[in-house]
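This report refers to the structure that appears directly beneath it.
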Amino acid sequence: MEIARTAVMLLHPIAALTLIWLFAKQRRWRKEGRLLKGAERSAALESHQVTGDRMMAAVLGVIALAFTAQLARAQFDGVDATAYLVPGHFHGWAGLLGLALMLNLWRMGRKTRNQKAEGQSFARSKEMHGKISDLMMTLVFIHAFLGFLYLLAIL
């Protein structure tokens with residue numbers, strides 16, 4: 001039973017590490033986008049936008065996986081199903097804060113795209129999108145480190 005519990009508890013961190021790798025790859029657009037021109041840049045921008053939409057869905061999936069793992073953990077530990085759902089640690093609360101920031105980052109990216117398509121000035125929203133991304137990257141690493149510590153405590 002301990003092996004199954006451990007495997008379930010590792011699903012969220014493994015999925016999250018994959019998402020962190022994708023997020024870091026997505027952020028490379030800021031540097032790569034400056035080097036591209038014409039149709040190549042347009043295609044790369046389209047790919048960046050599609051990937052951003054997919055990542056938002058993936059973030060929701062990873063968070064759902066975390067809650068599902070906590071429900072399963074409660075089952076394995078023989079406690080009430082909701083015993084572990086409300087975070088009792090900074091990692092869990094920071095994850096919910098990260099969700100709010102990710103939603104804001106995603107919305108800002110979509111706003112930038114829409115303003116550009118409508119011929120409006122989009123420099124400010126583009127800059128904010130980048131700054132939120134920078135903040136998110138820092139917080140993601142802190143969140144992952146705290147998650148690692150939390151995982152050591154519960155396994």
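Each residue takes its place number in the sequence, starting with 1. Source: prediction; values computed, not measured.
- Take R30 and apply the salt bridge (Lys or Arg N to Asp or Glu O under 4.0 Å) test, not counting sequence neighbours, and it matches D134.
- Across all their heavy atoms, R5 and I154 have their closest contact at NH1-O, 3.0 Å.
- If you take CH2 on W106 and CE on M55, they are separated by 13.5 Å, rounding to the nearest 0.5 Å.
- Minimum interatomic distance between L36 and E40 (heavy atoms only, all atoms of both residues): CD2-CD, 3.6 Å.
- Every side-chain contact (heavy atoms from CB on, under 4.5 Å) that Q120 has, sequence neighbours left out, goes to Q115, E118.
- I142 and L151 fall into different hydrophobic clusters, where Ile, Leu, Val, Met, Phe, Trp and Tyr are joined by side-chain heavy atoms under 4.5 Å apart, directly or via other members.
- When hydrophobic residues (I, L, V, M, F, W, Y) are linked wherever their side-chain heavy atoms come within less than 4.5 Å, the members clustered with Y84 are V79.
- Every residue meeting the side-chain contact (heavy atoms from CB on, under 4.5 Å) condition with F90, not counting sequence neighbours, appears here in chain and number order: A94, L146.
- Heavy atoms from other residues, nucleotides or ligands lying under 6.0 Å from CZ of R54 number 12 at most.
- For R110, the salt bridge (Lys or Arg N to Asp or Glu O under 4.0 Å) partners are D53, not counting sequence neighbours.
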Could you pull out every donor-acceptor pair under 3.5 Å between side chains of residues 43-51 and any protein atom, sequence neighbours left out?
unit_1: H48; atom_1: ND1; unit_2: Q26; atom_2: NE2; d: 3.2
unit_1: T51; atom_1: OG1; unit_2: S47; atom_2: O; d: 2.8

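- Follow the hydrophobic side-chain contacts under 4.5 Å out from L10 and you never reach L149; the two are in separate clusters.
- Pairing each heavy atom of G98 with each of M136, the nearest pair is O-CE, 3.9 Å.
- Every residue two or more places apart in sequence or in another chain that forms a side-chain contact (heavy atoms from CB on, under 4.5 Å) with S133 is listed here: F23, R27, L105.
- The salt bridge (Lys or Arg N to Asp or Glu O under 4.0 Å) search around E32 returns none, not counting sequence neighbours.
- If you chain together hydrophobic residues whose side chains sit under 4.5 Å apart, L22 and I14 never meet in one group.
- Tracing side-chain contacts under 4.5 Å through hydrophobic residues (I, L, V, M, F, W, Y), one reaches F141 starting from L135; they form part of the same cluster.
- Residues G33 and R41 come closest through the heavy atom pair O-NE, 3.2 Å.
- Here the CZ atom belonging to R107 is positioned 13.0 Å from the CE atom belonging to M102, to the nearest 0.5 angstrom.
- No continuous path of hydrophobic side-chain contacts links F122 to W29 [ILVMFWY only; heavy atoms under 4.5 Å].
- Qualifying salt bridge (Lys or Arg N to Asp or Glu O under 4.0 Å) partners for K25, counting only residues two or more places apart in sequence or in other chains: none.
- Rounded to the nearest 0.5 angstrom, K126 NZ and T112 OG1 are separated by 8.5 Å.
- A side chain to side chain donor-acceptor pair (under 3.5 Å) check over residues 57-67, counting only residues at least two apart or in different chains, returns nothing.
- The structure places CG of L101 at 7.5 Å from CD1 of I132, a figure rounded to the nearest 0.5 Å.
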Residues 59-75 side chain polar contacts: donor-acceptor under 3.5 Å, at least two apart:
unit_1: T68; atom_1: OG1; unit_2: A64; atom_2: O; d: 2.8
unit_1: Q70; atom_1: OE1; unit_2: R73; atom_2: NH1; d: 3.1
unit_1: Q70; atom_1: NE2; unit_2: Y150; atom_2: OH; d: 3.2
unit_1: R73; atom_1: NH1; unit_2: Y150; atom_2: OH; d: 3.0

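- In this structure, H143 and H91 approach most closely via the heavy-atom pair CE1-O, 2.8 Å.
- Scored by the side-chain hydrogen bond (donor to acceptor under 3.5 Å, both in side chains) test, T82 finds D80 as partners (sequence neighbours excluded).
- Distance check, rounded to the nearest 0.5 Å: NE2 of H129 to CZ of R113 gives 11.0 Å.
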